[in-house]
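Below: one structure, written as structure tokens.
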Amino acid sequence: MRNTEEVRDQVVLVGLNSPVLKKEENADEGTMEELSALVETAGAETVGMVLQNRTSPDPRTFIGEGKVEEIREFCRSHGATMVIFDNDLSPSQMRVLTEALGVQVLDRCGLILDIFAQRAKTKEGRLQVELAQYKYLLPRLTGMWTHLERQAGTSGKGPIGSKGPGETQLETDRRHIHRKIDKLWEDLEDVRRVRSTQRDRRRKNEIPVVAIVGYTNAGKSTLLNQLTGAGIPANNRLFDTLDTTTRLLTVSDTLDVVISDTVGFIRKLPHQLVEAFKATLEELEYADLLLHVIDVSNPEWKQQAQVVENLILELGAGEQPRIDVYNKSDLVPAGEILPHGEDICAISARTGQGIEALLELIDRRLDKGTRRCVIHLPYDKGGLLDMLYREAKVERVEYGGTIDVTAVCNPRVLGQVAPFISE
């Protein structure tokens with residue numbers, strides 16, 4: 001943690017590994033290190049880490065009374081102000097643990113939502129985060145009002161006085177949050193309609209769309225900067241990019257594409273966020289080509305690549321053409337052999353190594369027979385010039401014995417002007 005930044009919290013990290021949990025639900029050293037990086041991204045500092053092996057989670061405290069006592073003492077002695085679990089906690093477990101430990105308790109999902117709330121800059125990004133936060137909060141409301149629920153009137157058998165102020169407040173809050181969620185969905189639908197209109201316009205102009213995807217911190221923003229000079233902040237921290245950045249990229253003299261950076265994927269990505277970010281990530285489904293950026297300098301790059309693969313399938317983009325971009329290849333130890341194949345490219349987005357080869361690969365994958373040509377239009381065929389301006393990329397027009405047009409044309413346009421093309 002940099003000294004110039006104020007530390008928000010001193011955090012103890014807790015993870016549980018159990019044979020009854022699914023593999024992706026378990027904590028291990030790798031996921032705990034990643035959780036520590038998330039804590040730093042959130043502006044806090046890790047002061048302790050507890051990884052427990054247990055035959056099954058405790059229904060009440062998740063980790064068992066003995067471990068709760070051990071962590072409480074650790075918090076006291078180290079001045080910890082928060083405990084964050086690498087596993088998902090139920091609302092009741094979170095409530096019990098908060099009371100037992102005497103500090104705020106959060107799970108990985110809650111931490112990621114906090115980071116997203118800090119980082120979202122655009123209206124769309126903020127809408128998506130707010131929606132995810134409300135969906136996360138809804139089942140956890142009960143625990144927030146237990147102190148009022150205890151004030152309920154009679155024994156609870158009779159109708160008079162049996163509904164205490166806590167329950168009234170709880171129902172009021174639930175209705176309020178449901179209304180907020182409905183309104184956020186409406187606003188996000190508006191965003192989707194705008195995106196759909198933009199997609200239709202691009203399709204009409206036949207500009208291919210390339211989407212950059214990958215694990216968080218794999219180097220997606222650095223790659224976009226290297227390709228387009230976009231000037232996106234590219235820092236070595238998780239979830240540095242939350243809002244989609246779209247730029248026009250000239251791949252070759254016959255191909256322009258729209259290229260988009262997307263939010264990084266991560267293990268145990270809260271399902272609320274997958275849902276909330278559909279408006280951004282649905283771009284993947286309509287992309288003509290995906291660039292899957294993989295940080296091959298990370299020892300766990302294969303597991304990270306699989307996480308991205310699974311989320312691409314969940315988002316319905318599994319059939320999209322794809323290039324696997326092995327980034328940070330300059331940091332791979334000498335002698336280590338990287339995968340190679342037709343749709344694989346090794347690069348260093350930071351140094352620019354391999355970028356030309358990547359552009360050639362994109363050009364080859366998106367080649368739809370477009371080519372540059374010179375068209376000699378007789379003056380009585382001047383109407384074709386209007387068509388060329390609409391449907392081709394006109395670069396130069398000269399008037400002499402004929403109207404000489406230099407243009408980049410797709411196969412359909414080439415067919416219409418074929419008699420006038422000089423070979």
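What you see is a predicted model, and the numbers here were worked out from it, not measured in a lab.
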Query raised in the report: Is the gap between the ring centers of W301 and Y326 under 6.0 Å?
Result: yes
Indicate yes or no: does [X] engage [Y] in a salt bridge with an N to O separation below 4.0 Å.
X: D187; Y: K183; value: yes
X: K302; Y: E300; value: no
X: D343; Y: R322; value: no
X: D295; Y: K328; value: yes

Query raised in the report: Looking at D256, V210, D363, which one forms a side-chain contact (heavy atoms from CB on, under 4.5 Å) with V251?
Result: D363
Would the distance check show the side chain of [X] and the main-chain N or O of [Y] forming a donor-acceptor pair, the cut-off being under 3.5 Å?
X: Q93; Y: S90; result: yes
X: N26; Y: S18; result: yes
X: E130; Y: L184; result: no
X: Q320; Y: A287; result: yes
X: T228; Y: N225; result: no

Report task. With sequence neighbours left out, write down each residue that passes side chain to side chain contact (heavy atoms under 4.5 Å, CB included) with Q306, or none if nothing qualifies. Result -> E309, N310
Side chains of [Y] and [X]: any donor to acceptor distance under 3.5 Å?
X: T370; Y: N410; answer: no
X: T351; Y: D330; answer: no
X: T46; Y: S36; answer: yes

Separation between [atom1] of [X] and [atom2] of [Y], rounded to the nearest 0.5 Å:
X: E356; Y: L361; atom1: CD; atom2: CG; answer: 12.5 Å
X: L223; Y: I355; atom1: CG; atom2: CD1; answer: 5.5 Å
X: I212; Y: I259; atom1: CD1; atom2: CD1; answer: 4.0 Å
X: R396; Y: D404; atom1: CZ; atom2: CG; answer: 9.0 Å

Report summary line: Given the options N87, D86, D88, R108 meets side chain to side chain donor-acceptor pair (under 3.5 Å) only with D86
Other residues, nucleotides and ligands only: do more than 12 of their heavy atoms fall within 6.0 Å of [atom1] on [X]?
X: E73; atom1: CD; value: yes
X: R54; atom1: CZ; value: yes
X: E342; atom1: CD; value: no

